[in-house]
**Q** 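Just dropping this structure here.
Each ligand, and each atom within it, is numbered from 1 in the order the structure gives.
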Amino acid sequence: MEIKLTKAQIQKAVQEAYEECKNIKGGVNAHYIPYLANVNPDLFGISLTLLDGTTISVGDTEYKFGIESVSKVLTAILILKQWGAEEVLKQIGADATGLPFNSIFAILLENDHPSTPLVNAGAITACSMVKPHGDSWGKWENIINNFEALCGSRAEVIDELYRSESDTNFENRSIAWLLKNYNRIYDDVPMSLDLYTRQCSVGITAAQLGICAATIANGGTNPVTRQEVFARELAPKITTLISSVGFYQNTGDWMYTSGIPAKSGVGGGVLGVMPGLFGVAAFAPPLDDAGNSVKAQAAVKTIMKKLGLGVFNGDTVTITD
Ligand code: GLN
């Protein structure tokens, strides 16, 4: 089928999704650290960026929240750039775990590789692969510069979040050392874990994440800055990773009901990629049991439904002024 959409229709869908979802109750803020527990649970924003750079933002889209696990997507792109798709498949993998983001069981089950860069284990391994080897400062520069290129503007670590994450990340320490035991950490272990913790503690806005999603949807070229951030051939690789495990053990249900590959973080962010069409991000702190934002999921689903879109629908979609 051929679907023709105007920017005004997309604007209307985003606005209506915001109105319809803003009063949804349910879910609780992540509460493993005070910083996340104390974020205002009523914050809510949606930002959608089209491939010509047009951005439609409604609500709290300039509020800086903890990027948390959405960061895994950005650093997966960095290692895909630095190592290539084949090597990332070999060193980490591209399989869904079907288990929670911090599952140790998943590592024990598949101890020959950490499955995917989009769960904690694979994301810590990904940080260990970031070049230049052995140079914590150089690695961090590459990670944060890559965030900037993807999002079109600078992002900074939220110090208080980074401190609390570092003081309480006992489970991730176990994951890192267990991976080391299986020869799946390719640099210094505490350094790799620290880079992972630091990238999770970056403050990001829904507007920035929407642009990042649109950069992926646009085949690696940032639609706002026009910078080519990564090679076009890597775009389907990162979108495949997102669609297979972006919502952890709930990913199948998510894809089935929403029709859009998306990645969540416990800070309340969701980043969704419609290849060739747009990137969308939503943010609201209260989470469901799997650690995915209740309202952000509802908002993205509502937009997709209103527009009649789905990545597997097989439609030809054009967006005009
Ligand atoms: N910093 C969190 C962790 O590593 C991120 C988890 C998430 O967003 N799902 O446990």
**Q** Are there over 12 heavy-atom neighbours, none belonging to Asn40, within less than 6.0 Å of that residue's CG?
**A**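 Above 12, so yes.
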
**Q** Near Lys131 NZ, under 6.0 Å, is it more than 12 heavy atoms from other residues, nucleotides or ligands?
**A**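 Yes.
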
**Q** Which residues pass the ring pair (Phe, Tyr, Trp, His ring centres under 6.0 Å) test with Phe44, sequence neighbours left out?
**A**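 Listed in chain order: Tyr18.
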
**Q** Please output the residues near ligand 1 using a strict heavy-atom distance under 4.0 Å, listed in chain and residue-number order.
**A**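 Residues within 4.0 Å of ligand 1: Tyr32, Glu68, Ser69, Phe101, Asn120, Glu165, Asn172, Tyr196, Cys200, Tyr248, Gly265, Val266.
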
**Q** Quick one: sort the Trp140 and Phe147 rings into parallel, tilted or perpendicular, breaks at 30° and 60°.
**A**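 Correct class here is tilted.
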
**Q** Knowing that exactly one of Asn222, Ile216, Thr221, Leu78 qualifies, which makes a side chain to side chain contact (heavy atoms under 4.5 Å, CB included) with Phe230?
**A**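 Output: one option passes, namely Ile216.
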
**Q** If you count every heavy atom of other residues, nucleotides or ligands that lies below 6.0 Å from Lys237 atom NZ, does the total exceed 12?
**A**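 Counting other residues, nucleotides and ligands, NZ of Lys237 stays at 12 neighbours or fewer.
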
